[in-house]
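Step one of this worksheet: look at the structure below.
Quick caveat: nothing in here was measured; it's all calculated off a predicted structure.
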Amino acid sequence: MVPPPLVVLLALAATALAEPLRFVDCGSKDGSIQEVNVSPCPTQPCQLVKGTSYSINVTFSSKIESQGSKAKVYGEMLHVDIPFPIPEPDGCKSGIQCPIEKGHSYSYLNKLPVKTEYPSIKLIVKWELVDDQDQMLFCWKIPVQITS
């Protein structure tokens with residue numbers, strides 16, 4: 001049998017190695033975020049290399065019914081939101097089975113392409129998913145550094 005202090009120490013070490021991505025909820029009204037994963041992003045701020053695409057996976061639960069959903073992504077600099085194009089803005093084509101039902105959990109999956117023409121800069125990525133009423137199912141922000 002493993003002594004209790006050692007069990008606690010091993011649990012703390014495992015937690016430190018598997019630290020989830022820290023994000024700021026920026027106004028999720030019609031949903032609740034459980035987890036945000038950006039891959040690869042081993043440290044924060046996420047180092048986004050130009051010419052690379054990153055996988056986004058957001059686990060959330062819905063507080064409402066909605067026939068569809070649409071993603072809106074921004075680069076936030078000096079408190080100004082600059083639209084950031086993504087390949088598929090339709091949430092129903094991004095891992096979510098529509099219609100969205102109240103009380104159900106969903107895994108939203110998408111890609112974040114970082115174009116080579118983007119400047120090397122630090123900024124905040126702001127990712128929203130809105131419902132049929134243009135209300136936020138989720139909204140999260142993370143700091144990033146775009147690099148060559």
>> Show me the pairs that pass disulfide bond (SG atoms under 2.5 Å apart) and involve residues 54-86, at least two apart or across chains.
In response: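 For residues 54-86, and leaving out neighbouring residues, there are no disulfide bond (SG atoms under 2.5 Å apart) pairs at all.
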>> Going by disulfide bond (SG atoms under 2.5 Å apart), name the pairs with one or both residues in residues 118-148, residues two or more places apart or in two chains.
In response: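 Listed by first then second residue: C26-C139.
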Donor-acceptor pairs under 3.5 Å, side chain of residues 49-58 to any protein atom, not counting sequence neighbours: which ones?
| from | atom 1 | to | atom 2 | distance (Å) |
| --- | --- | --- | --- | --- |
| K50 | NZ | Y118 | O | 2.9 |
| K50 | NZ | S120 | OG | 3.0 |
| T52 | OG1 | V49 | O | 3.2 |
| Y54 | OH | Q47 | O | 3.4 |
| Y54 | OH | V49 | N | 2.7 |
| S55 | OG | K111 | NZ | 3.0 |

>> Go through it in stages, so that I can follow the logic: the residues are I64 and L137, the test is side chain to side chain contact (heavy atoms under 4.5 Å, CB included), and I'd like the CA-CA distance, side-chain angles, deciding distance and then a yes or no.
In response: CA-CA 8 Å; I64 53 91; L137 285 161; 3.9 Å; yes
>> Looking at every non-hydrogen atom in both residues, tell me the closest pair between V36 and L21 and how far apart they are.
In response: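 Between these two residues, the closest heavy atoms are O-CB, 3.2 Å.
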>> Quick check: do W140 and E128 have side-chain heavy atoms less than 4.5 Å from each other?
In response: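 A side-chain contact is absent here, since even the closest heavy-atom pair is not under 4.5 Å.
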> Do any pairs count as a salt bridge (Lys or Arg N to Asp or Glu O under 4.0 Å) and have a residue in residues 63-79, sequence neighbours left out, and if so which ones?
Replying inline: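 Listed once each, the pairs are K72-D134, E76-K141.
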> Any salt bridge (Lys or Arg N to Asp or Glu O under 4.0 Å) pairs touching residues 113-122, not counting sequence neighbours?
Replying inline: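 Every pair satisfying salt bridge (Lys or Arg N to Asp or Glu O under 4.0 Å) with a residue in residues 113-122: there are none.
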>> Test of understanding: clusters of I, L, V, M, F, W, Y form through side-chain heavy atoms closer than 4.5 Å, transitively. Do I82 and V24 belong to the same one?
In response: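 Different hydrophobic clusters.
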>> Using the rule that Ile, Leu, Val, Met, Phe, Trp and Tyr join whenever any side-chain heavy atoms are under 4.5 Å apart, tell me whether L48 and I142 fall into a single cluster.
In response: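 Linked, L48 and I142 end up in one cluster.
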> Would M77 and I121 count as a side chain to side chain contact (heavy atoms under 4.5 Å, CB included) if you check the C-alpha gap in whole Å, the side-chain angles of each, and the deciding distance to 0.1 Å?
Replying inline: CA-CA 10 Å; M77 291 181 284; I121 190 169; 3.3 Å; yes
> Q34 and S61: side chain to side chain contact (heavy atoms under 4.5 Å, CB included), yes or no, with the steps?
Replying inline: CA-CA 8 Å; Q34 275 98 43; S61 59; 3.2 Å; yes
> Please, which pairs that meet ring-ring contact (aromatic ring centres under 6.0 Å, His included) have at least one residue in residues 24-51, sequence neighbours excluded?
Replying inline: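 Not a single pair qualifies under ring-ring contact (aromatic ring centres under 6.0 Å, His included).
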> How does the hydrophobic cluster around I124 look, that is, which other residues are in it when side-chain heavy atoms under 4.5 Å mark a link?
Replying inline: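 Listed partners: none, I124 stands alone.
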> Remaining members of V130's ILVMFWY cluster at a side-chain heavy-atom cut-off under 4.5 Å?
Replying inline: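 Hydrophobic cluster check, V130: joined to M136.
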>> Set out, in order, the CA-CA distance, both residues' side-chain angles and the distance that settles side chain to side chain contact (heavy atoms under 4.5 Å, CB included) for V73 and K126, then state yes or no.
In response: CA-CA 6 Å; V73 181; K126 179 179 174 184; over 6 Å; no
What donor-acceptor contacts under 3.5 angstrom involve side-chain atoms of residues 99-107, with partners at least two apart or in another chain?
| from | atom 1 | to | atom 2 | distance (Å) |
| --- | --- | --- | --- | --- |
| E101 | OE1 | H104 | NE2 | 3.2 |
| Y106 | OH | E101 | N | 2.7 |

Donor-acceptor contacts, no H, no angles, side chain residues 83-98, under 3.5 Å, sequence neighbours left out:
| from | atom 1 | to | atom 2 | distance (Å) |
| --- | --- | --- | --- | --- |
| E88 | OE2 | D90 | N | 3.1 |
| D90 | OD1 | C92 | N | 2.8 |
| S94 | OG | D90 | O | 3.0 |

What's the spacing between [X] [atom1] and [Y] [atom2] if we round to 0.5 Å?
{"X": "F138", "Y": "W127", "atom1": "CZ", "atom2": "CH2", "value": "8.0 Å"}
{"X": "L129", "Y": "S62", "atom1": "CG", "atom2": "OG", "value": "9.5 Å"}
{"X": "F60", "Y": "I33", "atom1": "CZ", "atom2": "CD1", "value": "9.0 Å"}

> Among all residues two or more places apart in sequence or in another chain, which pass the side-chain hydrogen bond (donor to acceptor under 3.5 Å, both in side chains) test with T59?
Replying inline: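 Testing T59 for side-chain hydrogen bond (donor to acceptor under 3.5 Å, both in side chains), a comparison that skips the adjacent residues, returns none.
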>> Among residues at least two apart in sequence or on other chains, which ones pass side-chain hydrogen bond (donor to acceptor under 3.5 Å, both in side chains) with S28?
In response: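 So S28 forms a side-chain hydrogen bond (donor to acceptor under 3.5 Å, both in side chains) with D25.
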>> Using side chain to side chain donor-acceptor pair (under 3.5 Å), reason through S69 and D131 one step at a time and then give a plain yes or no.
In response: CA-CA 5 Å; S69 61; D131 60 26; over 6 Å; no
